[in-house]
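To start, the structure itself, in structure tokens.
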Amino acid sequence: GTRIIYDRKFLMECRNSP
Amino acid sequence: MKHPLQNRWTLWFYKNDKTKPWQANLRLVTKFDTVEDFWALYNHIQLASRLMSGCDYSLFKDGIEPMWEDNRNKCGGRWLITLSKQQRMLELDQFWLETLLCLIGEAFDDYNNDVCGAVINVRAKGDKIAIWTRDTENQKAVLHIGKTYKERLGLPMRIVIGYQAHADTATKSGFGVKNKFVV
């Protein structure tokens with residue numbers, strides 16, 4: 001199956017999102 | 001809507017109390033399986049650089065305990081980053097966060113299944129961070145994880161990091177442990 005992959009940029013952008 | 005992770009992860013905290021056996025000092029903090037819950041946890045807990053000496057954080061896939069003896073660790077080993085005292089101020093928290101992002105984001109291409117978890121040891125004599133993988137014999141996986149990890153940490157070419165088998169770490173102390181691989 002497919003893996004759920006997140007790059008660094010996306011993860012960092014999620015840091016401060018409400 | 002929260003963003004699901006590929007894996008559920010467990011954060012463990014170890015606080016050194018010499019009057020108790022090692023396992024009694026190890027606590028499961030919490031589990032999470034979304035990006036948002038990861039940040040809620042990370043933003044809430046102490047930075048590694050502010051922990052007392054002797055403390056560890058460990059982040060492992062759900063079901064794997066942060067110890068050599070666990071069935072999914074016992075044939076494995078670790079890519080070890082050793083830091084000087086000066087690096088605690090500058091790089092410890094940055095390296096540990098990068099390590100966590102590599103794990104939860106599944107940064108190791110075809111070899112994410114080989115990753116078990118990561119550990120940070122805060123120690124007066126020098127801090128350590130390591131990514132643990134499940135099988136020292138999976139050379140392709142071990143090397144790919146090591147190369148990718150080194151890149152993600154932004155370590156220069158001249159810095160060499162080593163991979164050690166837990167079986168060797170468990171039986172030899174400190175300087176006696178030989179590297180099975182280096183990148």
Side-chain angles (χ1 to χ4, degrees), chain A, chain B residues 1-9 11 31-45 47 59 61-62 91 93-116 118 129 131 134 141 144-145 147-155:
Chain A
T2 52
R3 279 195 99 85
I4 306 169
I5 292 166
Y6 297 113
D7 63 17
R8 175 180 212 287
K9 183 168 171 284
F10 177 81
L11 291 171
M12 291 304 285
E13 281 167 4
C14 288
R15 183 171 191 174
N16 297 311
S17 60
Chain B
M1 201 197 87
K2 292 181 179 180
H3 295 85
L5 299 174
Q6 175 69 36
N7 282 287
R8 171 175 287 134
W9 298 87
L11 181 74
K31 301 181 182 196
F32 59 87
D33 60 6
T34 68
V35 176
E36 287 74 12
D37 290 346
F38 163 72
W39 284 120
L41 173 65
Y42 182 84
N43 291 334
H44 176 74
I45 58 175
L47 287 171
L59 188 77
K61 286 177 181 168
D62 193 21
E91 284 164 327
D93 295 324
Q94 179 197 326
F95 281 3
W96 178 237
L97 177 57
E98 199 61 38
T99 306
L100 298 175
L101 298 182
C102 285
L103 263 50
I104 66 167
E106 310 279 328
F108 303 107
D109 304 300
D110 291 339
Y111 304 106
N112 288 299
N113 281 339
D114 268 70
V115 173
C116 294
I129 299 177
I131 288 186
R134 66 180 172 146
H144 184 80
I145 291 166
K147 283 177 195 159
T148 307
Y149 187 37
K150 187 175 165 180
E151 266 176 38
R152 284 285 297 256
L153 294 180
L155 297 176

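Lettering follows sequence order; numbering is per chain, from 1.
Note that the CH2 atom of Trp39(B) and the CG atom of Asn16(A) stand 8.0 Å from one another [nearest 0.5 Å].
For the residue pair Pro4(B) and Ile4(A), the shortest heavy atom distance occurs at O-CG2, 3.4 Å. Nearest heavy-atom pair, Leu101(B) versus Arg8(A), reported as atom, atom and distance to 0.1 Å: CD1-CG, 4.4 Å. Across every non-hydrogen atom of Val35(B) and Cys14(A), the tightest pair is CG1-CB, 3.6 Å.
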Original post:
Which is it for Leu5(B) and Tyr6(A) under the side chain to side chain contact (heavy atoms under 4.5 Å, CB included) test, yes or no, and what are the steps along the way?
Top reply: CA-CA 8 Å; Leu5(B) 299 174; Tyr6(A) 297 113; 3.9 Å; yes

**OP:** Could you go through the side chain to side chain contact (heavy atoms under 4.5 Å, CB included) check for Arg15(A) and Phe38(B) one step at a time?
**Re:** CA-CA 9 Å; Arg15(A) 183 171 191 174; Phe38(B) 163 72; over 6 Å; no

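Interface summary for chain A: among His3(B), Gln6(B), Glu106(B), Arg152(B), the most heavy-atom pairs under 4.5 angstrom belong to Gln6(B).
Interface remark: Tyr42(B) contributes side-chain atoms only to the contact with chain A (heavy atom separation under 4.5 Å). Within the 4.5 angstrom heavy-atom criterion, atoms from both the backbone and the side chain of Asn112(B) approach chain A.
In this structure the side chain of Arg3(A) never reaches within 4.5 angstrom of the side chain of Asp110(B), judged on heavy atoms.
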